[in-house]
Amino acid sequence: MKYDILIIGSGPGGYVAAIRAAQLGRKVALVERAEAGGVCLNWGCIPTKALLKSAQVYGLCSHAEQYGLELSGEIRPNPEQIVARSRAVAETMSRGVQFLLKKNDIDLIAGTGRLTAPGRVDVDGSEYEADHIILATGARPREMPFIPVDGEHVITSRQALTLTRLPETMIVVGSGAIGSEFAWFYAALGVKVTVIEYLPRMMPLEDEEVSKAMERAFRKLRATVLVGTTVRQVRVTDEGRCAVEIEGRKGPETLTADVVLSAVGIQSNIEGIGLEELGVAVERGKVCVDEFYRTNVPGIYAIGDIVPGPTLAHVASAEGICCVEAICGLSPAPVDYTTIPSCVFTQPEVASVGMTEQQAAEKGIAVKIGRFPFTASGKATAAGERDGFVKLIFDEEDHLLGAHLVGASVTEMLAEPTLARRLGATAHQIARTIHAHPTMNEGVMEAAEAALGAAIHL
């Protein structure tokens with residue numbers, strides 16, 4: 001079978017690229033060895049959000065009296081039902097992707113794809129040809145030799161999605177988005193959680209003020225946060241407990257827990273797909289590509305988690321569209337990696353785009369900073385969600401450099417500062433854009449006013 005474009009991997013990079021190619025009139029095939037939609041829809045972004053929503057509802061019910069409600073009987077989490085709902089949500093979204101592929105006349109080929117020659121792909125013994133082949137094989141949880149994963153006592157995010165029994169204690173190694181979200185989920189359901197972070201602060205890629213706020217939020221949830229701490233070794237004792245040897249501010253010590261969740265990053269799926277046979281260039285575990293995702297081998301492209309850049313679903317989608325439009329001769333603008341929104345779906349949520357204050361300082365950029373705390377927000381107060389803030393960073397000409405938000409539903413607010421940064425909006429333009437009242441989004445306007453020294457509600 002011959003195609004114009006064949007894509008290996010049906011995650012947010014692969015299936016979006018396939019649909020865009022079909023829209024542009026190309027004959028397209030999509031190869032997938034597991035579920036349509038890839039890890040994100042089936043074992044990542046979507047099912048985790050379903051879990052987190054269950055924990056959020058549990059928290060609201062547990063504090064119903066704060067909203068003038070009386071609930072009779074014991075409210076307790078049912079992990080089996082929570083997991084079942086999460087899996088049902090994932091299956092619904094996967095079926096949605098299959099519908100979209102069928103609607104756009106895209107052939108979904110089940111199996112493991114491997115490059116055999118330029119323009120040729122083997123899928124479990126069957127050979128296919130294509131003028132252009134896009135690799136979108138994604139990534140998997142990174143495993144470290146000193147944290148040997150057994151899937152029962154020492155687990156990754158994959159197993160953390162489907163635990164049908166809540167452990168009494170859990171140690172989470174790593175405080176990035178994945179580690180923080182699972183740590184919050186289990187802590188919110190009553191598990192005694194300890195988060196261990198090697199770097200000096202929690203959520204180390206976020207602005208320092210965000211990190212401090214989230215450390216306070218986790219401690220308020222009665223979770224322990226250990227930063228600047230190295231995990232030396234994890235082992236399972238004869239009693240089935242996990243012993244974690246660490247070294248931090250107090251020196252060497254050993255912690256114990258029922259379960260250890262390793263959340264130390266992800267590793268690109270580049271093995272066994274024919275890169276070596278075709279001589280596709282790879283550096284530091286990533287496929288080397290140009291601004292339109294062309295590899296050094298003509299007709300072979302790569303997008304998503306297997307190329308350098310942020311390993312985020314929406315980035316993979318943007319790369320897929322850019323790659324396909326370039327193949328089809330549309331001359332798209334390259335993806336702007338300075339304006340990538342990032343979210344962490346804990347409670348409070350974290351949302352950010354652009355430079356942190358520290359990054360601006362390192363570049364020698366003079367900045368103006370506007371802050372608005374949600375304690376001054378009418379909507380946040382009415383909702384009982386006053387934790388958090390909006391922090392906007394502007395340059396000397398008042399153009400937005402970065403936005404950093406902590407609070408309830410701030411991930412839904414991030415599109416405005418992302419668009420503002422992309423369009424080069426100034427503090428004055430943001431401040432003079434009328435925002436509906438009462439909304440959390442007014443915090444963006446108020447922070448812009450604060451940067452101009454004209455805050456109304458501070």
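When a residue number appears, it is its place in the shown sequence, counting from 1.
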Worksheet item: Side chains of Met214 and Ser180: closer than 4.5 Å at any heavy-atom pair?
Response: no
Discussion item. Determine whether a donor-acceptor pair (N or O, by modelled atom type, separation under 3.5 Å) exists between the side chain of Ser86 and the backbone of Pro47.
Written reply: yes
Discussion item. Tell me if a side-chain donor or acceptor on Thr137 pairs with a main-chain N or O of Asn269 at a distance below 3.5 Å.
Written reply: yes
Worksheet item: Side chain of Thr418, backbone of Leu414: donor and acceptor closer than 3.5 Å?
Response: yes
Discussion item. Less than 3.5 Å apart, any donor N or O on the side chain of Arg20 or Gln23 sitting next to an acceptor on the other?
Written reply: yes
Worksheet item: Take atom NE2 in His314; do more than 12 heavy atoms of anything else shown fall under 6.0 Å from it?
Response: yes
Worksheet entry | Closest non-hydrogen atom pair between Val324 and Ala17, with its separation | CG2-O, 3.4 Å
Worksheet item: Within a radius of less than 6.0 Å around NZ of Lys49, do more than 12 heavy atoms belonging to other residues, nucleotides or ligands occur?
Response: yes
Practice prompt. For Gln56, check side-chain hydrogen bond (donor to acceptor under 3.5 Å, both in side chains) against everything at least two apart and list the hits.
Written response: Lys53
Discussion item. If you count heavy atoms of other groups shown closer than 6.0 angstrom to CZ of Arg422, is the number above 12?
Written reply: no
Worksheet item: Quick check: does any side chain N or O of Asp258 sit under 3.5 Å from a backbone N or O of Met170, one acting as donor and the other as acceptor?
Response: no
Item to complete: Just say parallel, tilted or perpendicular for the rings of Phe182 and Phe185, cut-offs at 30° and 60°.
Response: perpendicular
Discussion item. Could you check whether any side-chain N or O of Thr439 sits under 3.5 Å from a backbone N or O of Ala436, counting only pairs where one atom can act as donor and the other as acceptor?
Written reply: yes
Practice prompt. Taking only Lys NZ, Arg NE, NH1 and NH2, and the carboxylate oxygens of Asp or Glu, determine whether Glu215 and Arg201 approach each other closer than 4.0 Å.
Written response: no
Practice prompt. Rounded to the nearest 0.5 Å, what's the gap from CG on Leu400 to CD1 on Ile430? Could you check?
Written response: 5.0 Å
Response to the item:
Tightest non-hydrogen contact, residues Ser10 and Tyr15, listed as O-CD2, 3.5 Å
Item to complete: Ignoring hydrogens and angles, tell me if any N or O in the side chain of Glu349 forms a donor-acceptor pair with the backbone of Thr411 under 3.5 Å.
Response: yes
Fill in: Check: Tyr186 side chain, Ala160 main-chain N or O, donor-acceptor pair, under 3.5 Å
yes
Discussion item. Could you check whether any side-chain heavy atom of Ile246 comes within less than 4.5 Å of a side-chain heavy atom of Glu253, counting everything from C-beta outward?
Written reply: yes
Worksheet item: CD of Glu283: more than 12 outside heavy atoms within 6.0 angstrom?
Response: no
Discussion item. With no hydrogens and no angle check, just 3.5 Å: does a side-chain donor-acceptor pair link Arg386 and Thr381?
Written reply: yes
Discussion item. I need the minimum non-hydrogen distance between Ile303 and Gly14, along with the two atoms involved.
Written reply: CD1-N, 4.2 Å
Worksheet item: Does Glu385 reach the main-chain N or O of Ala408 with its side chain, forming a donor-acceptor pair under 3.5 Å?
Response: no
Discussion item. Would you say CZ of Arg241 has more than 12 non-hydrogen atoms from neighbouring residues, nucleotides or ligands within 6.0 angstrom?
Written reply: yes
Discussion item. Could you check whether atom CZ of Phe292 has more than 12 heavy atoms from other residues, nucleotides or ligands sitting under 6.0 Å from it?
Written reply: yes
Worksheet item: Are more than 12 heavy atoms from other residues, nucleotides or ligands located less than 6.0 Å from atom CG of Leu69?
Response: yes
Worksheet item: Within a strict 4.5 Å, meaning less than it, do heavy atoms of the Leu41 and Glu35 side chains meet?
Response: no
Fill in: Nearest heavy atoms of Leu392 and Ala448, plus distance in Å
CD1-N, 3.7 Å
Discussion item. With no hydrogens and no angle check, just 3.5 Å: does a side-chain donor-acceptor pair link Glu319 and Tyr337?
Written reply: yes
Discussion item. Under a 4.0 Å threshold between the charged nitrogen and the carboxylate oxygen, would Lys391 count as salt-bridged to Glu209?
Written reply: yes
Worksheet entry | Closest non-hydrogen atom pair, Glu197 against Leu199 | OE2-N, 3.0 Å
Discussion item. Quick check against the 3.5 Å criterion: does Arg421 have a side-chain atom that pairs as donor or acceptor with the backbone of Thr338?
Written reply: yes
Item to complete: Could you tell me whether Arg87 and Glu91 make a salt bridge, using a distance below 4.0 angstrom between a side-chain N and a carboxylate O?
Response: no
Worksheet item: Hey, is the main chain of Lys192 close enough, under 3.5 Å, to the side chain of Thr169 for a donor-acceptor pair?
Response: no
Worksheet item: Does one side chain, of His404 or Glu206, offer a donor that lies under 3.5 Å from an acceptor on the other?
Response: no
Worksheet entry | Any side-chain donor near an acceptor of the partner, His435 and Glu416, under 3.5 Å | yes
Worksheet item: Does some side-chain heavy atom of Leu101 sit less than 4.5 Å from a side-chain heavy atom of Leu30?
Response: yes
Worksheet item: What do you reckon, is CE of Met413 surrounded by more than 12 foreign heavy atoms closer than 6.0 Å?
Response: yes
